[in-house]
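Before any comments, here is the structure.
Labels below follow one simple rule: chain letters A, B, ... track the order of the sequence lines, proteins then strands, and each chain is numbered from 1. Small disclaimer: the values here were computed from a predicted structure and weren't measured.
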Protein chains: 2
Amino acid sequence: MCEWFYPGKMTGKQFPSVWLREPRKTTSPGRSREEIVRAAMELLDAEGLHGLSMRKLGAKLVTGATSLYWYVANKDELLELVYDEVWGEVRLPESETAHWREFASVMAHSMRQVILRHPWSADLIGRLPALGPSALSLTDRMRRILKTAGFRGADVDYATATLTSFVYGFTIPEVAWKSSMGEGYDIPAMHDIAARAARDFPDLAADFAVEQSEDPQVMREVAFDFGLVSILDGLEARLVT
Amino acid sequence: MCEWFYPGKMTGKQFPSVWLREPRKTTSPGRSREEIVRAAMELLDAEGLHGLSMRKLGAKLVTGATSLYWYVANKDELLELVYDEVWGEVRLPESETAHWREFASVMAHSMRQVILRHPWSADLIGRLPALGPSALSLTDRMRRILKTAGFRGADVDYATATLTSFVYGFTIPEVAWKSSMGEGYDIPAMHDIAARAARDFPDLAADFAVEQSEDPQVMREVAFDFGLVSILDGLEARLVT
DNA sequence: ACCTGAACACCGTTCAAGT
DNA sequence: ACCTGAACACCGTTCAAGT
């Protein structure tokens, strides 16, 4: 997904993007970009962002690490390519006439699922330009739906930013947590630790204790829906004015 | 800020936190934790998360890198300590009787400013447990205000998560962008690049062109306020039900 | 046109050894 | 109680050289 109004200065270097360089005209006797991207995706899904190194990727493709630099200027360019694949997995309502709330809701849920499926992508949001075809197409459809719904001018940007910010802010820390803690850790022990840390905050400690019985997985889903509905209500209020 | 309902499994290791280990009883002939944390903060602010290495920090304190391991179990523990300092900089309304919307608004703006001031902290959100005194105190006050306003049970968690998710999701990509692009880059060149990348999406390209004249810095502030007000409206709707 | 290996300048952490 | 330096197993990228 693409948010274009990022801050900058009038001076300085321009930013590079794979999508603006012609790929090497490949007679493809050897590797190909697609092959490299696919292998990188597998490595990323299996071992995370830190698990992808040029050396490992080279090994997986039975080449020297440095051979990859023939196809790709550097690691960031490679990541840009894989990053766009991720946005390509977002599923939207087929219909062009979907109601904007329905559309936004489906998109938000799908974006979250896609990030959860590729946790490493969370670390790339904002770090890499999202100028690939999939990211742009997503942005384009969302904006068209919002315009049809009645949003005008910069409000289209603002509404999009509000929605995507919520999805990102809900999901990025979640996957960061998961990958830093490893997949499995001890829930009761975690509650015990939280309770001990909160010993100087009795209300907090009490709430921790009460909600210990809830399933955190379920709570996260409910929390996401709660936030999403709140935001859609809030955006709708902007619309009627 | 602390969100406790992160997912986990019933098995596996428990997570570690500095806040649950007694610090070494220091007779302080040599370094101290405070000194180390202060130096780390300076290094982080000056050079970012990648700029902080145990070797550089050691050099700054005129010690061997490995000496630091006497005061801190590992780099993550050190980061946990500096991380809490960041939350300590969030400014809230003094009054205990502030209206919840006012409170939430001030908190959201302050959190954003603090993250912008310490961009490296964005990468730690979710990755490290936020169990330090400053983080807990922030969580505690927010929750008390929401309860006073009428939020009940898990809605207190959900409302907090909605608000903080928006702040995180708005700010994390923003600072990621800034630090990956460097401080200054060429705005017109950026627009040119975006336009060229969007050549297959005429509506998108047209909007890029129109909004080229806006100041991105200003737009970001307006966008943040737009999103924040929308969310507060949406949360208020949950309240009256 | 494509691939290679050596080299550079880094990492976090462990550990035996020193004072 | 505190500090040290060597060592281990890594990084991304450059570059001259090969085929």
Handout entry: Base-pairing string, 5' to 3', of DNA chain C - Watson-Crick or wobble, under 3.5 Å, | interstrand
Key = ||.|||||...|||||.||

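Contacts of B:Asp203 classified as salt bridge (Lys or Arg N to Asp or Glu O under 4.0 Å), with partners at least two apart in sequence or in another chain: A:Arg144. Listed by chain and residue number, nothing satisfies the side-chain contact (heavy atoms from CB on, under 4.5 Å) test with A:Asp200 (two or more places apart in sequence, or in another chain). Checked against ring pair (Phe, Tyr, Trp, His ring centres under 6.0 Å), A:Phe201 has no partners two or more places apart in sequence or in another chain. In this structure, the ring pair (Phe, Tyr, Trp, His ring centres under 6.0 Å) partners of B:Trp87, at least two apart in sequence or on a different chain, are B:Tyr83.
Close to D:dC3, at under 4.0 Å from its OP1 or OP2, lies a side-chain N or O of B:Tyr71.
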Donor-acceptor pairs under 3.5 angstrom involving side-chain atoms of residues 49-56 of chain B: please list them, not counting sequence neighbours.
| unit_1 | atom_1 | unit_2 | atom_2 | d |
| --- | --- | --- | --- | --- |
| B:Ser53 | OG | B:Lys56 | N | 3.1 |
| B:Lys56 | NZ | B:Glu47 | OE1 | 2.9 |
| B:Lys56 | NZ | B:Gly51 | O | 3.4 |

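Using C1' as the reference atom, C:dC15 and D:dC3 are 13 Å apart when rounded to the nearest Å. Remark: the separation of the C1' atoms in C:dA17 and D:dC2 is 13 Å, to the nearest Å.
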Problem - Test log, rule salt bridge (charged side-chain N to carboxylate O under 4.0 Å, His left out), inputs A:Arg127 and A:Asp123 - result: CA-CA 7 Å; A:Arg127 232 194 66 191; A:Asp123 277 331; over 6 Å; no

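B:Trp70 has its CH2 atom 6 Å from the P atom of D:dC2, to the nearest Å.
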Completion exercise
Going 5' to 3' through nucleotides 4-19 of chain D and flagging B where a protein heavy-atom sits under 4.0 Å of the base, S where only the sugar-phosphate is that close, and - otherwise, we get BBB----BBBB-----

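Under the salt bridge (charged side-chain N to carboxylate O under 4.0 Å, His left out) criterion, the residue pairs touching residues 58-68 of chain B are B:Glu42-B:Lys60, with sequence neighbours excluded. Under the salt bridge (charged side-chain N to carboxylate O under 4.0 Å, His left out) criterion, the residue pairs touching residues 79-89 of chain A are A:Glu89-A:Arg117, with sequence neighbours excluded.
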